[in-house]
Amino acid sequence: MSAQTYDVTARKGHQATMAVLVLLGFVLGGLVTDWIGVALVGVAGLIMLAGRFWWPADVVRQFIWRVAEPRGLVKRRDRVEDHETRRVARIMGGVAWLLAAALIALGAGIAGWVIALLVTVMIVLDASFDFCALCFVFLHLERRGLLPAALRHQ
């Protein structure tokens with residue numbers, strides 16, 4: 001398990017913003033046009049996925065680190081966390097949201113919104129209660145010896 005310190009303020013701000021984008025897409029997509037939903041879910045997916053591999057693409061964390069924390073709008077809270085599983089979850093969530101956006105755009109709105117909202121629920125659980133659903137699943141798979149060696153904790 002990693003014993004590195006991370007800024008949970010930036011993580012939680014990122015998670016909250018991504019959830020709001022998807023929820024706004026759901027509401028506005030239903031009220032106005034599906035394309036608004038497609039765009040907002042797609043943007044959230046791109047920020048999640050691209051920001052995982054290239055930090056400048058995570059515009060929310062950049063805003064928190066470069067504007068909100070230095071100006072005292074939010075207080076930085078560093079905490080020791082294991083981020084390896086959260087990084088995998090971020091990739092999976094970004095891909096799932098991009099898939100959801102594609103499904104909505106192709107007319108399979110129910111399937112797309114189910115995927116998008118399930119990922120959103122998991123992100124809200126992590127942001128609100130520090131409950132990482134994928135971490136929970138990985139823990140139980142690892143305990144049962146069902147987790148592939150590449151994903152096991154060292």
Side-chain donor-acceptor contacts of residues 66-75 below 3.5 Å, not counting sequence neighbours, with atom names and distances?
{"residue": "R66", "atom": "NE", "partner": "Q62", "partner atom": "OE1", "Å": "2.5"}
{"residue": "R66", "atom": "NH2", "partner": "Q62", "partner atom": "OE1", "Å": "3.1"}

Enumerate the residue pairs fulfilling salt bridge (charged side-chain N to carboxylate O under 4.0 Å, His left out) with a member in [range], sequence neighbours excluded, ordered by first and then second residue.
range	answer
residues 92-106	none
residues 32-47	none
residues 38-52	none

Residue pairs fulfilling ring pair (Phe, Tyr, Trp, His ring centres under 6.0 Å) with at least one residue in residues 86-130, sequence neighbours excluded: F26-W113
Closest heavy-atom pair and its distance - [X], [Y]:
X	Y	value
A19	V124	CB-CG2, 3.8 Å
G112	A100	O-CB, 3.2 Å
G51	A57	N-CB, 3.8 Å

With a 4.5 Å cut-off on side-chain heavy-atom distances among I, L, V, M, F, W and Y, is there a chain of contacts connecting [X] to [Y]?
X	Y	answer
V121	V137	no
L28	V20	yes
I36	V41	yes
F136	L125	yes
V60	L24	yes

Residue pairs, two or more places apart or on separate chains, that pass disulfide bond (SG atoms under 2.5 Å apart) and touch residues 6-53: none
Sort and list the pairs that fulfil disulfide bond (SG atoms under 2.5 Å apart) and have at least one residue in residues 64-138, not counting sequence neighbours. C132-C135
ILVMFWY cluster membership beyond L98 - transitive side-chain contacts under 4.5 angstrom: L46, L49, F53, I91, V95
Hydrophobic cluster of I115, others only, ordered by chain and residue number, side-chain cut-off 4.5 Å: L99, L103
How would you list all residue pairs meeting side chain to side chain donor-acceptor pair (under 3.5 Å) that involve residues 12-26, not counting sequence neighbours? R11-Q15, K12-D130, H14-D58, Q15-D126
Would you please name every residue forming a ring pair (Phe, Tyr, Trp, His ring centres under 6.0 Å) with W55, sequence neighbours left out? W65
For a 4.5 angstrom cut-off between non-hydrogen side-chain atoms, does M48 reach I123? yes
Within the structure provided, determine whether M18 and I47 are in side-chain contact (heavy-atom separation under 4.5 Å). yes
For R143, give me all partners under side-chain hydrogen bond (donor to acceptor under 3.5 Å, both in side chains), at least two apart in sequence or on another chain. none
To the nearest 0.5 Å, how far apart are CZ in R77 and OG1 in T9? 4.5 Å
